[in-house]
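One structure is given here, and the rest of the page talks about it.
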Amino acid sequence: LHIAILASILSLIIYWLIRDNYRVRNVNGKHVFITSCDTGLGNSLAKRLDKMGFCVIAACATEKGGQELQSCSSLSLKTVDLNLADSNSIARAVVFVGKQTAGKGLFGLVNHAEGAAPVAPTDWLSIEDFHSVLDVSLLGLIEITLKLLPLLKKAKGRVVNLINTKGLVAFIEGGYGLSTWGIEAFSDPLRIEMRHFGVKVSIVEHGFFEAGVANSDVIEKHLLRLWNRLTSETRDSYGEKYFVE
């Protein structure tokens, strides 16, 4: 028993030593581009990497979000407006990143893209509801990744795609699960293909965090909005009892 305990402790020590060797050192001059930095996980990560000394380029969906982030960060952190559902906005952001990296390439791309996901039974939704999620969380993520690959290859950088584990289970939430599985399917072959160029591709499956937990009142409000727009035939097929329960 004592030998087994000592062996376990020794294994942990070896693991920690190996893990520490993989930590990024000399972060000065290394540029990291992060999407969706207005609030939540992207915002927290931008602040954290900025304090560590990375050259952070934070993409925000609103001017207010960018200003608030800059007000509590160092002067080296730069912000850029980005609407992942708009190819022109993506193209402008890519040009901005290219200018900021000044020929050195991009050390890291962190994709944290979450579109508005209606929570409702599937036949309550329209194709526009699916577009509101997929155009941002999946297609927008794919487009900006593809356009930044030349800079990532130049720096032998890495792509980190952040997804919420709630999208990996069967859950009534429109296109959210579709986008999550789509990111997994996009990332896995990209990882294999980019290995030749020294570019790493990772998926980080995170759980709930306080800033991203939906309020039950908000969910109920969205459900009521969707219920009210249904045809009378669809409402009758479910009945008021289904909605109340």
Side-chain angles (χ1 to χ4, degrees), residues 34-43 45 59-62 65 81-91 93 109-148 159-191 201-231 233-235 237-238 242-243 245:
I34 309 170
T35 65
S36 301
C37 293
D38 296 76
T39 58
L41 189 56
N43 182 276
L45 181 61
C60 296
T62 64
D81 295 335
L82 177 61
N83 176 5
L84 283 169
D86 181 356
S87 292
N88 291 326
S89 179
I90 290 174
L109 165 63
V110 182
N111 283 313
H112 179 240
E114 293 193 352
V119 180
T122 301
D123 67 344
W124 291 23
L125 304 175
S126 66
I127 191 63
E128 288 76 22
D129 293 320
F130 284 89
H131 274 297
S132 70
V133 183
L134 297 176
D135 287 351
V136 174
S137 300
L138 180 58
L139 298 178
L141 178 148
I142 291 174
E143 183 173 356
I144 198 161
T145 301
L146 293 177
K147 289 185 175 179
L148 287 173
V159 178
V160 180
N161 291 328
L162 305 179
I163 62 173
N164 198 311
T165 51
K166 70 179 181 181
L168 299 176
V169 296
F171 191 72
I172 303 175
E173 201 164 4
Y176 194 88
L178 290 176
S179 67
T180 300
W181 283 104
I183 295 170
E184 296 265 358
F186 171 69
S187 301
D188 287 340
L190 185 66
R191 180 184 303 113
V201 179
S202 303
I203 301 169
V204 175
E205 299 170 349
H206 63 85
F208 291 95
F209 54 95
E210 186 175 355
V213 176
N215 187 297
S216 60
D217 292 336
V218 174
I219 294 176
E220 185 175 348
K221 181 180 178 181
H222 285 311
L223 274 174
L224 183 60
R225 176 182 61 83
L226 293 171
W227 173 264
N228 288 334
R229 81 176 187 187
L230 294 176
T231 63
E233 181 182 2
T234 304
R235 282 202 297 267
S237 70
Y238 281 90
Y242 179 91
F243 178 77
E245 291 179 348

Check: I163 and Y176 side chains under 4.5 Å, non-hydrogen atoms: no

Sequence-distant partners of D188, side chain to side chain donor-acceptor pair (under 3.5 Å), two or more places apart: R191

Shortest non-hydrogen contact between R229 and L125, atoms and distance: NH2-CA, 3.7 Å

Pairwise side-chain contact, T145 with L109, heavy-atom cut-off 4.5 Å (strictly under): yes

Could you go through F186 and I203, starting from their C-alpha distance and side-chain angles, then the distance that decides it, and tell me whether this counts as side-chain contact (heavy atoms from CB on, under 4.5 Å)? CA-CA 10 Å; F186 171 69; I203 301 169; over 6 Å; no

Flag side-chain contact, heavy atom, 4.5 Å: L84 against L141: no

Between I183 and L138, is the side-chain contact (heavy atoms from CB on, under 4.5 Å) condition met? List the steps. CA-CA 6 Å; I183 295 170; L138 180 58; 4.1 Å; yes

Distance in Å, C60 SG paired with D38 CG, rounded so as to fall on 0.5 Å steps: 4.5 Å

With sequence neighbours excluded, tell me which residues meet side chain to side chain donor-acceptor pair (under 3.5 Å) with N83. none

Would you give the length of the straight line joining atom CD1 of I144 to atom OG1 of T35, rounded to the nearest 0.5 angstrom? 7.0 Å

Any side-chain donor-acceptor pair under 3.5 Å between S126 and E128? yes

Under 4.5 Å between any side-chain heavy atoms of I90 and K147, yes or no? yes

Return the orientation label for the W124 and Y238 ring planes: parallel under 30°, perpendicular over 60°, tilted otherwise. perpendicular

Backbone N/O of H112 and side chain of S36: donor-acceptor pair under 3.5 Å: yes

Straight-line distance of T62 OG1 to L82 CG, nearest 0.5 Å: 11.5 Å

